[in-house]
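Below, read A as the first sequence line, B as the second, and so on, with proteins coming before strands; counting in each chain starts at 1.
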Amino acid sequence: MDFNHIAKKWQSQWESKKIFEVKEDSKKKKSYVLQMFPYPSGTSLHMGHAKNYVIGDIVARHKRMLGFNVLQPMGYDAFGLPAENAAIKSKSHPKVFTDIAIKGYIQQSKALGLSYDWSRVLATCYPDYYKWNQWFFLKFYERGLAYKKKAPVNWCNSCQTVLANEQVEQGKCWRCHNEVSIKQLEQWFFKITDYAERLLQDLSLLAGWPERIRTMQSHWIGKSEGATIFFPVKDSKEKIEVFTTRPDTIYGVNCIIFAPEHPQVLELVKGTSYQAQVHEFINKVVIKERFKRGDEDQEKEGLFIGKYTVNPLTKEELPIYIANFILLDYGTGAIMSVPAHDERDFAFAKKYNLPIKTVIQKEGLNCVLVHGSPEKDQSKEPSDIPQNQKPWYVWTKKKLEECGYKVTLPLMPKSWLPDYADWKREFEKTEVNEKSVLIGHSAGTAFLVRWLGETKRKIKKLILVAPGKISSHDRVKALYDFKINKEIKKLVDEIIIFISNDAQHHIDSAKLYEKELDGQLIEIENKGHFRTSNMGMGEFPELLEKILDRSTAYTDNGILINSGSFNGLSTQKAKSAVIKELQAKKIGAAKQHYKLRDWLVSRQRYWGTPIPMVYCTKCGIVPVPEEELPIKLPEKVEFTGEGNPLAKTKDFVNVNCPKCKSPAKRETDTMDTFVDSSWYFLRFCDPHNNNAPFDKDKVKYWMPVNQYTGGTEHAIGHLLYSRFFTKVLHDMNMLDIEEPFVNLFNQGMLHKDGVVMSKSKGNIITQDEISQKYGIDTGRWYLMSVASPDKDIEWDDKGVEGSFRALNKIVALIENAKYTAKEERIEAKMHKTIKEVSETIESMTYNMGLIKLMEFVAYLQKQPAITKESVEVLIKLISPFVPHLAEELWEMTKHKGFVCQEDWPKYNEKKINPKIDAAEELVENTTSDIQAVLNLVKIKPKEITLFVAEKWKYPLFKKLHQEENRDFSVLMKKFADKEHGQDVGKIVQQFMKGALKTDIFLSPEEELDALQESKSVWEKQFGAKFHLVHADSAKEPKAKQAIPGKVAILIK
RNA sequence: GCAGGGAUGCCGGAGCGGUCAAACGGGAUAGCCUCAAGAGCUAUUGGCUCAGUGCCUUCGAAGGUUCAAAUCCUUCUCCCUGCACCA
C-alpha cells in the first residue's frame, strides 16, 4: 500500500467535504481542542512540531467519534522580531516573509492530517485581528488597567526593545540571549498586579493542569504575607517603611537596611559626614556592579549612613545601613534586619560585627546537667553548697532559661560513692527526648555515656566537661566500670568535650571519648577541673555558646523569647499579636506582597500591534477613538535596523489630536506579541466578526478550551497572560468563564542526537522526509509509540521502521482476512481491546494504546478466520492515530463514508469473559513451558502428553485463595485430608511462598477444552503428537505435578 | 538553597503492593523460508540448572513496614527542569 498516496487522497477528500468544519449546535455537547499556535518562522515544520499537533489531533478525533461537536482550529502567532530582522537583513518587508511562512505552515499542517477547521484560520498580523488588540487596549485603559509610567525596564540592546519580566531569563533576553540592561523609560504597562490574588487563588480551580505549571505560576506570583512597619528616624519627623514577613521577630531587629538606590537614602545622609562615602557606594553597587548584583554568591556589602532609627516597640536605637543585597523593587526597598532569624541578615551582621539577638526559640528544648562526684560526703559541712548548685551550673541554667530552655540539675544520691543504678533512678525522673542537650561534668560524663549506651536514647547534643572514665579510684568503680557503646555516635547529633589543664586521667579520658565517640574536643585554658575554685565568677560562656549554637540563623517557627509581653507566644500567634499592636499604635499594618510585577507591553519595534494612543501637547495622552480602529501599520517603511522604523515614518506619527484636533504625535511603540496570544483562543470561536472581537454567545458555547496542548516554555508567560485577559474580559462582562483552559497538557520534546530537535541545532527531520519514505501515518504512529506523550523522546530511524512494519501488519491482516460468523473468543478480546484503547486515549498514554492495538492485531493474525465486526472495530480504533490508513482500510472493506465520522466503538463489560482470558493464558503458559522443557532436554519429541490437574485440587485452591491465615500448621489442620495428605502439604507450602496463582477461573474440563483447541497448532509447531489427559485417570506419576492453571508435561 | 520530575535488563521505555526475571519496541544470536539478499515467521537474549515448567541474584544506594516490595515509608547519591540575595 502506498501510504503517501493515500494520505494525499484522504486529505483532499476531507478538505473538499469540509468534514472538520463546525458550527455551534446547542443540541450537541461541544469539545474545544487546541494546540498552542506557532510562530510561523521561515523554516518548515519538523517532526518535533508534529508531535505537539498530533497529540491534540488524537484527542479531537476521538472526541468527534464519541459524538462531541469538536472545535479544533489553527492559527499563526505572526507578529514578532524574527520576521522584522529578516526584513532588515534583506531590505524587504516582514509581511512578505510572514505570508510565505504562513502559507507553508498551512500546507504542512494539512499534510500531517490534522483535523482542523480551516475556515477559522487566523494570523495575528492582519488588521482584522490586531484591530481587537487595540480595542482591548482602549478598554483596559478605560478601566485603569493600561497605564504609562517611567520605570527602570529591561532593555535588550540587540533586539532594540524593552522586555517584560517574564521575558528575561537569568538576566538574558529570552529570544537572543543577550545580556539585558536596565533603562529608565516611559512605557506602557498592563496592571496584572490588580489580579495577582485572583490569579493565585484560581490556580486551585485548575485541577486539569500539571502540578508543575501551577507551582511555577504560584511562585511567579509570589505572594508573601507580612506587615509594613514604620520606623521613626531619630531626631527627625521622617519615617522608614519596611516590609517584613516576620513581624514576630521585631524585638530582634539590630538595624534598618535600605536598598542603595532608595530615594530616602540621599535625604537621610544629607548633612552627615557619611555623605561622600554613601554616594560612592551607591554608584558602585547600582552602576558598576549592576550585573553582578543578582549573582549567586555575591558578597554582602553595606555601609552605615550616619543616621539612627528607633525600634517602635522596644525603643532601642538602631543604626541605618544601605546594602547591596536589598532590592529596591521588592517590598518597600527597606528592611528590618533580624540576624538571629534570617540568613542574609545573619551574614551581614557577622561581617559588620552587629549584635545578634535571639528572639525565637525552637519549641520544647531542654537541658539536663549531671554533676560530678566529690571525694567525700560534704553534705554535712555547713559551708558547702549542694553538688548540683555550683556557680557555673546555676549561671548556665539562668542563661538557658532566658533562651526558652527548660533546665534540670538533678542531685545524685550519695554522689561521693556513685552507684550507676542509684544515679540512673534519680536521673530518669527527668524527661529526655530528641531535643535534649545532656551535659555531664566529671563523673557525670561517665554516667551519661554509660546511660546513653545502655538505653540507646536519641538526643540532640551531648556535652562532656572535664570527663571521667579512666580512674584508679575504687570509689568510682561502680560508675566507671563499663564499655563505651559506639552506637551513641548515631544517636546524638553533636558530641562536644571540654577539657582544660586538668589531672592527667581526665585528659586521658577526654582523649578516649574523642576517639571512641568522634567527639569534638575543645581545650580551654586555665580552668583546671572546672571546679568552683577554677571558675572564678562561675561564668562559662564557651559552654553556653555550644549549647545555643549561634553559627547559623534559626529561620523556622518557634516560641518567642526576649520579646517583652510577647514572650511565650508561638510564631503564628505572635505575628498577629505584633501586627495588632502596631496597628493600635498606628505604626504598621498587615500587608500582602506579591512578586508579580505589572506587565510591560511596550515594544520599540515595527512588527507588532500599534498602541492606539496619541500625544497632544495640549490634551496630554489621548486614546484613539474606537471608530478609528484599526490603526494600521504603515506599509511603506524603511527597515534600517536602527531604532523603531515607525518613529521615522512621518505619515504615521503626525496626526491631529482626537480631542482638540491640533497637531499631535502618535505613540510609536507596538504591543508585546504576548498580547496577541492572550485571547486568540476566543477569536477562534468567531473568527470573522467585524463588529466585535467575538460574539458572546458563540464564545459561551465553545469556551473554555477543553484540552490545551503545548510546551512548558509558556508556563508563566503566555499561560499567565491568557488567564489575566480572561479574568479582565470576565469583569467586562464579555465572558462568563474565569479560566480559559480546563485541561493543559505539556508534551515532551523530540530529541535527536541527544539534543532538542530544532532548526538552529541543525538536527531536524522534516515531515516531508518521513511522508515520502513511509507516509505520514507512520510518522504519527512512531511519535506516539515511543513513550507516553509527556516524555521527551529520542528520534530513532530504526524505531520508525518498526512503526512502518506495524502498519503493514495491520494492512496485511485486513487484506488477507478470512471471515467467519460470530466467535465468542474474538468478541471477548475485541471488547477488552476497545476498553483498553479507550482508556489510554482518555489518559493520554497513547503509547500503551498502540501496544494494546498491536496485541489485538497479533491475536487476530493467529486466528484461522476473523469476524467482520472485529475488523471494523480495529479500523475505528486506529483511526485517531493513523487517520489516512484508517480511511483507506474503511473503504477497502466496503464501507461508505468516512471512518472519522463513525461512532467510537462501545465495549460491553459482560462480554469481556475472564474465562476466555484464563484459557488463553493457560495455552500461552503451556506453550512456553513445553518450549522450556524442550530446551532443557534437547530431544526431538515424538509424543507430548499434557495432564490437567486432579479434580480435588480445584476446590482446595479456591479455599486457599480466600484464606487470610498464613500459618502453615493452621492451614494444614484446616485443609489436610486423609487421601491427599502429603500433596496438600506441598501445595500449601507453595501457596505460602506466593508461587501459586490465586485466581482460578477454569474447571478441569474447561482447561481441557482450551488445550484441545490449541492441539493442532502445537502439533504443527512442535512436530509431535499431543495427548490430553485428566490426571485423575492417568497412571503416570508425572500427572500428579499438575495443578490448576498449570498442566504437567510428559515428553517422549 | 527552594520547588517539581526522574534513576528499571544491551538500548529506548511500560509497570507503581502479590498474577514480575519485569509489557512493547529497537538491537543481538540461532533456526525456518529463499539460488542468494531483503522482507516475513519462530525461538533465545540476568545467572545457575538441564526430565524438567524450578532455584538464585536483579528495577540508583542503604535501612524500614509487610506473610509479600521495582511498587509503600525513611535517609542518602546522582541526573534533569524551573525559580533564586523576594525580607
Please work out if A:Lys223 contacts a base, only the sugar-phosphate, or nothing of the nucleic acid, heavy-atom cut-off 4.0 Å.
nothing

B:G64 to B:A69 separation - P atoms, rounded to the nearest Å
12 Å

Taking the P atom of each, how far is B:G15 from B:A7, in whole Å?
10 Å

Just call it for A:Arg212: base, sugar-phosphate, or nothing, with non-hydrogen atoms closer than 4.0 Å on any strand.
sugar-phosphate

Using both distances under 3.5 Å as the test, list the Watson-Crick or G-U wobble partner of B:C85, or none.
none

Determine the interatomic distance between C1' on B:U77 and the same-named atom on B:A61; round to the nearest Å.
7 Å

Just compare B:G82, B:A14, B:C24 and give me whichever is closest to any side-chain atom of A:Met216.
B:G82

Is it true that A:Lys284 and A:Glu301 have a side-chain N and a carboxylate O under 4.0 angstrom from each other?
yes

OP1 or OP2 of B:A14 sitting under 4.0 Å from any side-chain N/O of A:Ser788?
yes

With heavy atoms under 4.0 Å as the rule, sort A:Thr712 into base, sugar-phosphate or nothing.
nothing

Nearest whole Å is fine: how far is B:U81 C1' from A:His751 NE2?
11 Å

What is the pairing partner of B:G38, taking Watson-Crick or G-U wobble pairs with both distances under 3.5 Å in any strand?
none

Can you check whether A:Lys852 has a side-chain N or O nearer than 4.0 Å to OP1 or OP2 of B:C24?
no

Using a heavy-atom cut-off of under 4.0 Å over every strand shown, decide if A:Ala806 touches base, sugar-phosphate, or nothing.
nothing

Quantified in whole Å, what is the C1' atom distance between nucleotide B:G13 and nucleotide B:C24?
8 Å

Reference residue A:Val948; test side chain to side chain contact (heavy atoms under 4.5 Å, CB included); the match among A:Leu1011, A:Leu922, A:Val1029:
A:Leu1011

Identify whether any heavy atom of A:Glu801 sits under 4.0 Å from a base atom; if not, whether one sits that close to sugar-phosphate; answer base, sugar-phosphate or nothing.
nothing

Distance check: side-chain N/O of A:Arg805 vs OP1/OP2 of B:G40, anything under 4.0 Å?
yes

Using the P atoms only, state how far B:C2 lies from B:C85, rounded to an integer number of Å.
15 Å

Assuming nearest nucleotide by heavy-atom distance, tell me which of A:Asp345 and A:Trp220 is located more 5' along RNA chain B.
A:Trp220

Strictly below 4.0 Å: does A:Arg344 bring a side-chain N or O up to OP1 or OP2 of B:C86?
yes

Is the shortest side-chain heavy-atom distance between A:Asp790 and A:Met844 below 4.5 Å?
no

Taking the minimum atom-to-atom distance to the side chain of A:Thr245, which one of B:A87, B:G13, B:C24 wins?
B:A87

Is the closest side-chain heavy-atom distance between A:Asp797 and A:Tyr782 below 4.5 Å?
no

For nucleotides B:A28 and B:G18, find the distance between their P atoms and express it as a whole number of Å.
35 Å

What are the two closest heavy atoms between A:Arg246 and A:Thr555, and how far apart are they?
NH1-O, 3.1 Å

Salt bridge present between A:Glu801 and A:Lys798 (N-O < 4.0 angstrom)
no

Heavy-atom nearest nucleotide on RNA chain B for A:Asp342 versus A:Asp792: which residue maps closer to 5'?
A:Asp792

Under 4.0 Å: is that the gap between some side-chain N or O of A:Lys1046 and OP1 or OP2 of B:G54?
yes

What's the CD1-C1' distance between A:Ile322 and B:A87, to the nearest Å?
17 Å

Can we say A:Lys351 and A:Glu299 salt-bridge, meaning some charged N sits less than 4.0 Å from an Asp/Glu carboxylate O?
yes

Can you check whether A:Phe230 reaches A:Ile240 side chain to side chain, under 4.5 Å on heavy atoms?
no

NA contact type, A:Lys798, heavy-atom cut-off 4.0 Å: base, sugar-phosphate, or nothing?
sugar-phosphate

Report which part of the nucleic acid A:Gly802 touches: base, sugar-phosphate, or nothing (heavy-atom distance under 4.0 Å, all strands).
sugar-phosphate

Nearest of B:G52, B:C24, B:C83 to any side-chain atom of A:Val933?
B:G52

Which nucleotide, if any, forms a Watson-Crick or G-U wobble pair with B:A51, using both distances under 3.5 Å?
none

For atom P, what is the distance between B:A30 and B:C67, given to the nearest Å?
49 Å

Scanning all shown strands, the Watson-Crick or wobble mate of B:C78 with both distances under 3.5 Å is B:G6

What integer number of Å spans the C1' atoms of B:G46 and B:C20?
14 Å

So what does A:Glu855 hit on the nucleic acid, given a heavy-atom distance under 4.0 Å: a base, only sugar-phosphate, or nothing?
sugar-phosphate

Once you apply the 3.5 Å cut-off to both distances, tell me the Watson-Crick or G-U wobble partner of B:U44, or none.
B:A28

Tell me whether the OP1 or OP2 atom of B:A87 has a side-chain N or O from A:Ser224 closer than 4.0 Å.
yes

Looking at every strand, decide which applies to A:Val242 at a 4.0 Å heavy-atom threshold: base, sugar-phosphate, or nothing.
nothing

Both distances under 3.5 Å, Watson-Crick or G-U wobble: report the partner of B:C67, or none.
B:G18

Under 3.5 Å for both donor-acceptor distances, Watson-Crick or wobble: does B:U57 have a partner, and if so which one?
none

